[in-house]
Visitor: 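The following block contains the structure, expressed as structure tokens.
One-based numbering along the sequence shown. Both backbone and side-chain heavy atoms feed into the values below; hydrogens, waters and symmetry mates do not. Each ligand, and each atom within it, is numbered from 1 in the order the structure gives.
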Amino acid sequence: MTSDPRILNGKHLSEWLVDHEFRPRVERIKEEYGATPRLGTILVGDDSASKIYVSNKGRLASRSGLEHENLLLPSDSTLGEILDAVREWNANDEISGILVQLPLPGDLKNHQSLVVDSINPLKDVDGLTPINTSNLYRDLPGLRPCTPKGILRLLEHYHIDVEGLNAVIVGRSQLVGRPLALMLLHKNATTTIAHSRTKELAKLTTQADLLISAIGKANFITAPMVKDGAIVIDVGINRNREGKLVGDVAFDEVVEKAGYITPVPGGVGPMTVAMVVSNTIEAFLLQHREKA
Ligand code: GUN
């Protein structure tokens with residue numbers, strides 16, 4: 001698979017980044033500041049997918065030379081307990097980046113914004129706080145959400161310039177669709193966000209030079225929905241009927257038509273995790289430069 005030049009290999013790039021970018025940067029930081037950036041993750045409840053995501057983030061952080069601490073809170077935690085945990089880490093100089101794994105379980109989901117908004121913006125490695133969202137909207141420097149940032153990094157690595165491309169994003173989530181639309185717009189793509197209520201979706205997707213699916217439905221994007229030679233980015237992480245991990249894109253048929261395509265697994269997922277590491281390093285530097 002890696003030898004097919006049409007496959008955008010996020011796994012390979014994330015490994016490369018650990019060896020050639022993250023570890024050397026962390027080494028330099030240790031020498032210059034006498035401190036090691038530390039990622040703090042908060043996992044509430046015991047959702048099995050969330051547990052895997054958090055452990056992947058911790059593993060890549062450690063491999064990059066960062067310190068990692070995970071706070072596991074029970075699913076019956078109160079909102080106050082979660083906010084207290086975030087505030088404690090906001091005030092703790094040893095924690096460089098804070099990530100509360102989403103979604104929160106049960107009724108806590110209704111208070112997700114309050115929890116996210118309580119994170120110190122300089123430690124907000126998910127780039128979801130009001131200040132970082134505003135910076136993104138205004139195209140000012142700031143911490144950016146990891147999945148869109150990872151997608152842009154992957155495209156850049158393969159020398160794919162999005163300027164002037166007709167980009168269609170399927171999915172309007174706060175974590176992916178909306179921030180990605182702004183980031184592509186800032187890079188001069190012509191950007192459309194489609195979603196579950198969009199009428200005649202295929203009419204839009206067949207016009208896309210760059211098609212990104214983040215809708216969370218297995219085999220949702222089929223070959224007739226894809227323009228010949230399009231760049232197809234699959235953000236979906238779904239289980240099919242046989243329990244196998246698959247994306248939103250019917251890979252086997254779309255790969256025949258696409259100019260470039262990301263696989264699942266091994267495409268966008270590892271890039272998201274890599275950008276958590278990148279943002280933790282960036283957060284450390286933001287905090288230390290602010291003090292200087
Ligand atoms: N759940 C799924 N993706 C993400 C992510 O990028 N950040 C957080 N905090 N939770 C997630």
Visitor: To which protein heavy atom is atom 1 (N) of ligand 1 closest, and what is the distance rounded to 0.1 Å?
Guide: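 For atom 1 (N) of ligand 1, the nearest protein heavy atom is L102 O, 2.8 Å.
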Visitor: Measure L175 to ligand 1 on non-hydrogen atoms and call it side chain, backbone, both or neither using the 4.0 Å cut-off.
Guide: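 The part of L175 near ligand 1 is the side chain, not the backbone.
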Visitor: Could you tell me whether R28 and E31 make a salt bridge, using a distance below 4.0 angstrom between a side-chain N and a carboxylate O?
Guide: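 Judged by the 4.0 Å cut-off on N to carboxylate O distance, R28 and E31 do not form a salt bridge.
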Visitor: Give yes or no for whether the N/O distance cutoff of 3.5 Å, strictly under, is met between T272 and ligand 1.
Guide: no
Visitor: Distance under 4.0 Å to a non-hydrogen atom of D126: what atoms of ligand 1 satisfy this?
Guide: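 Every atom of ligand 1 under 4.0 Å from some heavy atom of D126: 5 (C), 6 (O), 7 (N), 8 (C), 9 (N).
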Visitor: Using the rule side chain to side chain contact (heavy atoms under 4.5 Å, CB included), only one of V273, I237, T41, L43 pairs with Y53; which is it?
Guide: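 Exactly one candidate clears the test, I237.
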Visitor: Taking only heavy atoms of L99 into account, list the atoms of ligand 1 that are under 4.0 Å away from them.
Guide: 9 (N)
Visitor: For the residue pair E69 and I95, establish whether any side-chain heavy-atom pair is separated by less than 4.5 Å.
Guide: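 A side-chain contact exists here, since the closest heavy-atom pair is under 4.5 Å.
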Visitor: Can you tell me the protein heavy atom closest to atom 11 (C) of ligand 1 and the distance?
Guide: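 Ranked first by proximity to atom 11 (C) of ligand 1 is Q101 NE2, 3.4 Å.
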Visitor: How long is the gap from OG1 on T129 to CD1 on I131, to the nearest 0.5 Å?
Guide: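 The OG1 atom of T129 sits 6.5 Å away from the CD1 atom of I131.
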Visitor: For the 3.5 Å polar cut-off, considering only N or O atoms, please tell me whether C146 and ligand 1 meet it.
Guide: no
Visitor: Enumerate donor-acceptor pairs with a distance under 3.5 Å from any side-chain N or O in residues 240-249 to protein atoms, sequence neighbours excluded.
Guide:
unit_1, atom_1, unit_2, atom_2, d
N240, OD1, E242, N, 3.0
N240, OD1, G243, N, 3.1
N240, OD1, K244, N, 2.9
N240, ND2, E242, OE1, 3.3
D248, OD1, G216, N, 3.2
D248, OD1, K217, N, 3.1
D248, OD1, N238, ND2, 3.0
D248, OD2, S213, OG, 2.9
D248, OD2, I215, N, 2.8
D248, OD2, G216, N, 3.2

Visitor: Return yes or no for this condition: an N or O of V100 is under 3.5 Å from an N or O of ligand 1.
Guide: yes
Visitor: Classify the ring geometry between H157 and W16 as parallel (under 30°), tilted (30 to 60°) or perpendicular (over 60°).
Guide: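 It falls in the tilted class, 30° to 60°.
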